[in-house]
Amino acid sequence: MLERVGNRVASLLEKVLGVAFIIAVLLNAANVAGRYLFNHSLIGAEELQTYIMVFITFLGAALVAWRRVSLRMDVLVRYMPESMQSVRSWIESILMVVCCGFTALQSGQYALQMYELGIRSDGAGVPMWIPHGAIALGLVLICVVTVVHAVQRITGRAFVPAQRVVH
Amino acid sequence: QQTFTMKMSTPTINDATHEWMKQFKAGVESRANGRMKVEIYPANQLGAIPRTVEGVALGTIELTFVSAGYFAPYDPRFEVLEMPGLFDNLAQANKVYLDPEVRGRIANYGKDKGIEPLLCVANGPMAVASNRPLKKVEDFNGMKIRTPGTTPLQVNPLKKLGASPVALPIGEALPAMQNKTIDAVAAAYTVFIGFKYFDVTKNVTVLPKTYLMACGVTSKKFLRTIGPDLEKIVREEALKAQNSFAAVSQEEVDVGRKTWEKNGGQVHEFGADDAKRYLDTVSEVAGGLLNTPALKEDAAAFVEASKRAK
Amino acid sequence: MNFALGFLPVALLLLGFPIFLVLLTSVCTALVFFMDVPLAALQQNLFGTIDSYALLAVPFFVYAGELMGRGSVAQRLVDIVQSGIGSVRGSLGLTTVGTATIFGAISGVSSAAVATIGKVMVPAMRRAGYSDKFSAGLITAVGAIDVIIPPSVPLLVYGMAAQESVPKLYAAGLLPGLMIAAMIGIYVVWVSKKEGVPPGERFQLRTFARALGRGVWALGAPVIILGGIYGGVFSPTESAVIAAIYAALVTRFVFRELGWKDILEASVATVMFSGQVLLIVACAGVFGWLLTVNQVPTTMVQWLTEAQVSPTMLLLALNILFLVVGCFIDPISAILLLSPLLIPIVKAAGIDTVHFGIVVTVNLAIGLFHPPFGINIFVAQTMLGLKLETIYKGIVPFIVIYLIALALITYLPAITLASMRMMM
Ligand code: NA
Ligand code: NA
């Protein structure tokens with residue numbers, strides 16, 4: 001059930017971010033074309049592209065967490081006895097929730113301050129709380145994913161070893 | 001007894017701004033008797049310029065010294081500082097920024113957003129380095145030109161002159177000009193010396209009556225936290241170091257010009273007629289942008305102060 | 001502080017925690033327990049590191065690589081080169097070195113080279129009988145040439161920080177870059193002989209002509225990239241985008257291999273790459289900032305200044321310093337932090353600052369693929385789906401090659417100076 005809902009949400013998010021990145025690609029190309037065809041470049045296009053990169057990095061990170069493909073060095077882990085591996089895995093989940101949660105809190109406050117100060121980017125006039133908020137959102141989603149995975153482990157469903165490298 | 005740390009950021013290195021910081025540091029540290037440590041981070045070591053401005057607003061660093069336009073998102077009045085044609089020369093500009101009335105006015109900029117300019121300065125003339133010589137206003141036509149930022153005041157006048165503004169980080173501008181992706185780079189005159197643009201082009205044009213205005217901005221919260229006596233020291237030392245800024249910055253410009261010419265470069269200036277036409281066009285656009293109730297009063301005050309400083 | 005920024009990350013890394021979590025835990029610990037800096041620094045640096053136009057080149061090149069790899073653009077390009085080289089042992093490995101060198105002339109961002117070339121060459125090398133260990137080591141190491149051969153983002157940044165001429169630095173980097181490529185090339189041939197990688201088919205004009213015919217459209221990609229950049233049509237970052245669009249259109253309409261869905265899937269793969277690799281870059285950005293404001297590099301330089309050594313020893317000491325720093329910080333931050341401090345010392349010792357810039361860059365190039373945190377390692381891991389220890393093992397011989405090259409470049413300034421004279 002959790003697995004199915006999670007996969008749905010993940011594949012939707014995946015498509016949204018995929019389209020967003022293609023938009024960044026097209027914006028960049030439009031800038032090149034504009035420079036030659038109309039002697040005009042889109043002011044602020046660079047900003048939009050880097051903000052899209054912020055979105056795909058931090059929301060993409062939540063996808064990476066859900067699909068359990070985080071980069072790690074797991075050579076020593078595989079020589080650990082199984083009980084230790086399990087303890088290690090729990091510590092990882094706790095650290096993940098604590099650190100990402102804590103950072104998300106800071107990010108969220110930062111985004112809120114940007115909102116209250118009313119700061120906009122100087123080229124495209126994007127309210128700065130939006131790209132800043134993407135980081136908070138991504139980190140919150142990582143926490144949610146970690147909790148869901150923990151629940152799945154407790155209920156013994158859909159267990160996938162945490163140290164699988166998939167491409 | 002608590003020791004406060006004041007982290008200061010500047011995008012450049014070994015220039016008048018960096019010099020101001022060194023003088024300020026020496027002054028503050030010697031008077032604070034170990035209660036204040038001043039750390040200087042030149043060359044963007046603390047991050048990109050807009051991030052350092054946010055850093056000051058939110059208290060992660062204590063001062064950033066960058067061109068005035070970067071503060072405009074916090075208070076549009078910062079744009080008034082970049083009004084073209086206001087000053088005849090660098091000395092006059094820096095004299096105006098030492099005028100107590102002007103200092104008092106500027107100190108209020110960004111008040112609602114918790115930031116406060118300790119000082120503003122004119123940091124050398126603005127110039128354009130170009131692949132083909134830029135000697136008259138018509139030469140702007142069709143020129144793909146890098147601008148330092150993307151605010152309307154930086155972009156619209158160039159468009160009006162027929163140029164095509166491209167926003168690029170200053171670091172990427174030089175190779176882009178070398179392989180002719182862009183035709184020209186607009187920046188503070190001294191930037192071209194620092195980056196050794198003479199290896200790429202011989203042409204630099206000093207823009208008439210246009211200067212890079214920079215502000216050293218700190219946060220209100222920081223000034224409150226350090227207590228009244230340290231706050232007094234900070235303010236006094238900032239002003240003290242500002243007094244020698246004009247001379248240091250003028251010397252930098254003179255040395256820069258010699259360096260440019262020694263390396264086979266030429267410095268172009270518009271003739272009187274072209275200078276007037278340039279300023280008329282640019283001022284018309286800028287005037288339109290600055291003609292809002294919020295900015296009008298300050299613009300007028302600067303014009304007055306400029307007359308007094310002639 | 002040593003605990004938070006030194007011991008903790010190493011321990012967590014060895015325990016197999018995700019790399020980004022290793023860095024994030026360390027910086028959170030440092031900020032909460034050891035430092036008096038507002039916590040907003042965390043967000044500011046996470047955001048500030050990713051909000052960079054120069055970094056955009058990385059996902060753009062990854063996307064171009066994905067598109068070329070999904071359709072047959074990549075394979076057709078490899079076929080042309082292979083049928084052209086003929087039966088030389090190690091021809092595919094040499095092709096990788098050659099491609100990386102050419103790619104070095106395109107981009108200034110090393111991870112872009114690793115992503116694109118890795119995607120194209122590693123599957124072909126696997127089919128030809130090379131071990132993954134060797135391919136992974138090769139690809140992470142040749143990718144690092146990118147920052148030595150102009151254009152190069154680290155050299156640009158050095159030029160700014162050291163107030164040295166960028167065109168001069170670019171000219172000085174070319175010969176050292178080619179030298180390293182040649183050294184790796186020799187090693188590749190030697191390994192191919194030793195490991196008995198079967199040689200390619202003998203050169204036949206007919207085969208070559210057929211490959212050329214099949215690959216005309218594919219050849220458009222590198223031609224557009226190189227022509228566009230050196231013809232001044234667009235910047236390197238833009239060239240990645242144009243190459244991606246070109247690859248998408250050719251595979252969609254000429255080869256009819258990919259549908260719109262595949263083009264979206266290649267984009268999704270780029271998103272996943274960003275979520276894995278750029279996330280680490282972001283966390284490393286905070287880590288580097290903390291080292292900066294704790295004045296760690298400044299302190300290291302102070303030791304050096306006080307030691308008062310001869311120029312020869314100074315260069316050795318600086319090399320060690322940059323190698324150590326390069327293992328933990330990305331090249332750009334390292335240059336920004338260290339060069340303003342070191343340039344006065346270097347000048348006082350009578351060392352040429354252009355030469356020094358190249359020495360610094362080669363050092364940091366090693367840092368790009370040096371375990372544990374070399375970013376190219378993670379790029380290779382994501383793009384190729386290999387185990388981290390496989391990559392670590394494969395890298396060792398290439399580090400040795402780079403160290404030999406570094407010694408030559410450091411102590412024979414003639415190499416960089418000749419390069420500069422030749423080019424300017
Ligand atoms: Na390069
Ligand atoms: Na590194």
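Please read these numbers as outputs of a predicted model, since none were measured by experiment.
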With the side chain counted from C-beta on, respond yes when C/Phe61 and C/Ser239 share a heavy-atom pair under 4.5 Å apart, and no when they do not.
yes

So what's closer than 4.5 Å to chain A heavy atoms on C/Ser52: side chain, backbone, both or neither?
backbone

Using heavy-atom distances under 4.5 Å, tell me whether C/Ile19 contacts chain A through its side chain, its backbone, both, or neither.
both

Please look at C/Ala282 and chain A and tell me whether the side chain, the backbone, both or neither of the residue comes under 4.5 angstrom of a heavy atom of that chain.
side chain

Part of C/Phe273 lying under 4.5 Å from any heavy atom of chain A:
neither

Centroid separation under 6.0 Å, is that true for the rings of C/Phe60 and A/Phe21?
yes

Residue C/Val32 versus chain A: region with a heavy atom under 4.5 Å:
side chain

At a 4.5 Å cut-off on heavy atoms, which part of C/Ile245 comes close to chain A: side chain, backbone, both, or neither?
side chain

What residue in C/Ile242, C/Ile377, C/Leu12, C/Leu46 has the most heavy-atom pairs under 4.5 Å with chain A?
C/Leu46

Passing candidate, side chain to side chain contact (heavy atoms under 4.5 Å, CB included) with A/His149, options A/Thr146, A/Val151, A/Val145, A/Val147:
A/Val145

Toward chain A, the part of C/Gln44 with a non-hydrogen atom under 4.5 Å
both

Under 4.5 Å heavy-atom distance to chain A, tell me which part of C/Leu42 shows up: side chain, backbone, both or neither.
side chain

When only pairs under 4.5 Å are counted, which of C/Ile280, C/Leu279, C/Leu39 shares the most heavy-atom pairs with chain A?
C/Leu39

Determine, for C/Glu389 against C/Lys393, whether the closest basic-nitrogen to carboxylate-oxygen distance falls under 4.0 angstrom.
no

Does any part of the side chain of A/Met114, heavy atoms only, come nearer than 4.5 Å to the side chain of C/Phe47, both counted from C-beta?
no

I need the residue from C/Val281, C/Ile391, C/Asp51 with the largest number of non-hydrogen atom pairs under 4.5 Å to chain A.
C/Asp51

Has the side chain of A/Arg88 got a donor or acceptor atom that lies under 3.5 Å from a matching backbone atom of C/Gly16?
yes

